[in-house]
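This report refers to the structure that appears directly beneath it.
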Amino acid sequence: MIIATVVFIVSIQSANANENKFDEFSQKFNKFFNCFKKHIGNEIEETKEFQIKKWKEAKDQHKKTLNIVQHKLTGFFSDFPDPKGDN
């Protein structure tokens, strides 16, 4: 972190000496910042898509599990006699 700070300070001081270098430095910084911002935006979109996919899969799995449990319970309770009597 200290090395990065020193490199940043040294690059700023050389930019202060010449306005053209400062413009060049600011363009490079803006280009880097835009690429970084684009990358973060892409990561956010991928994360949202992943979450939607996983929630759908979990919802489908929950439905399957619920159907299995209902089927098993229906079979279990069908063995009991009818409380009103068999007709």
Side-chain angles (χ1 to χ4, degrees):
M1 187 166 194
I2 293 172
I3 294 171
T5 306
V6 170
V7 169
F8 183 71
I9 290 172
V10 169
S11 65
I12 286 178
Q13 291 201 1
S14 65
N16 287 337
N18 189 348
E19 189 173 320
N20 292 334
K21 286 185 179 181
F22 180 72
D23 290 337
E24 182 181 324
F25 177 73
S26 65
Q27 288 174 354
K28 287 181 182 179
F29 180 75
N30 286 336
K31 184 177 178 182
F32 169 76
F33 183 70
N34 289 336
C35 289
F36 181 72
K37 193 165 69 170
K38 182 179 177 182
H39 177 70
I40 294 296
N42 289 341
E43 288 294 324
I44 290 171
E45 289 301 316
E46 288 177 11
T47 302
K48 287 180 182 179
E49 291 172 7
F50 178 79
Q51 287 175 336
I52 290 169
K53 178 183 169 189
K54 288 300 179 181
W55 276 100
K56 186 177 182 315
E57 289 175 4
K59 192 176 179 182
D60 292 342
Q61 181 62 36
H62 178 70
K63 283 182 184 179
K64 288 178 186 177
T65 305
L66 185 61
N67 287 339
I68 290 170
V69 169
Q70 285 177 342
H71 179 68
K72 286 182 179 180
L73 287 176
T74 302
F76 175 76
F77 288 116
S78 68
D79 294 340
F80 290 123
D82 190 12
K84 297 180 181 176
D86 291 330
N87 292 333

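Below, all heavy atoms of this structure are taken into account, side chains as well, without hydrogens, waters or symmetry copies.
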Exercise for the section: Just do the salt bridge (Lys or Arg N to Asp or Glu O under 4.0 Å) check on Lys56 and Asp60 with the steps written out, would you? Expected result: CA-CA 6 Å; Lys56 186 177 182 315; Asp60 292 342; 3.4 Å; yes

Completion exercise
Under a side-chain separation threshold of 4.5 Å, the hydrophobic residues clustered together with Phe29 are none

Exercise for the section: Return the set of residues passing side-chain contact (heavy atoms from CB on, under 4.5 Å) with Val7 (not counting sequence neighbours), or none when no residue passes. Expected result: Ile3

Exercise for the section: State which residues pass salt bridge (charged side-chain N to carboxylate O under 4.0 Å, His left out) with Lys59; sequence neighbours excluded, sorted by chain then number. Expected result: none

Exercise for the section: Calculate, to the nearest 0.5 Å, the distance between atoms CG and CD belonging to Asn42 and Glu46 respectively. Expected result: 6.5 Å

Practice task
Check side-chain contact (heavy atoms from CB on, under 4.5 Å) between Lys48 and all other residues, then give those that pass, not counting sequence neighbours.
Solution key: Ile44, Glu45

Exercise for the section: Sequence neighbours left out, what passes side-chain contact (heavy atoms from CB on, under 4.5 Å) with Lys54? Give chain and number order. Expected result: Phe50, Glu57

Exercise for the section: State which residues pass side-chain contact (heavy atoms from CB on, under 4.5 Å) with Gln51; sequence neighbours excluded, sorted by chain then number. Expected result: Thr47, Trp55

Completion exercise
Residue pairs passing the side chain to side chain donor-acceptor pair (under 3.5 Å) test with at least one member in residues 25-40, sequence neighbours excluded, are Glu24-Lys28

Practice task
To the nearest 0.5 angstrom, please state how far the NE2 atom of His62 sits from the CG atom of Leu66.
Solution key: 5.5 Å

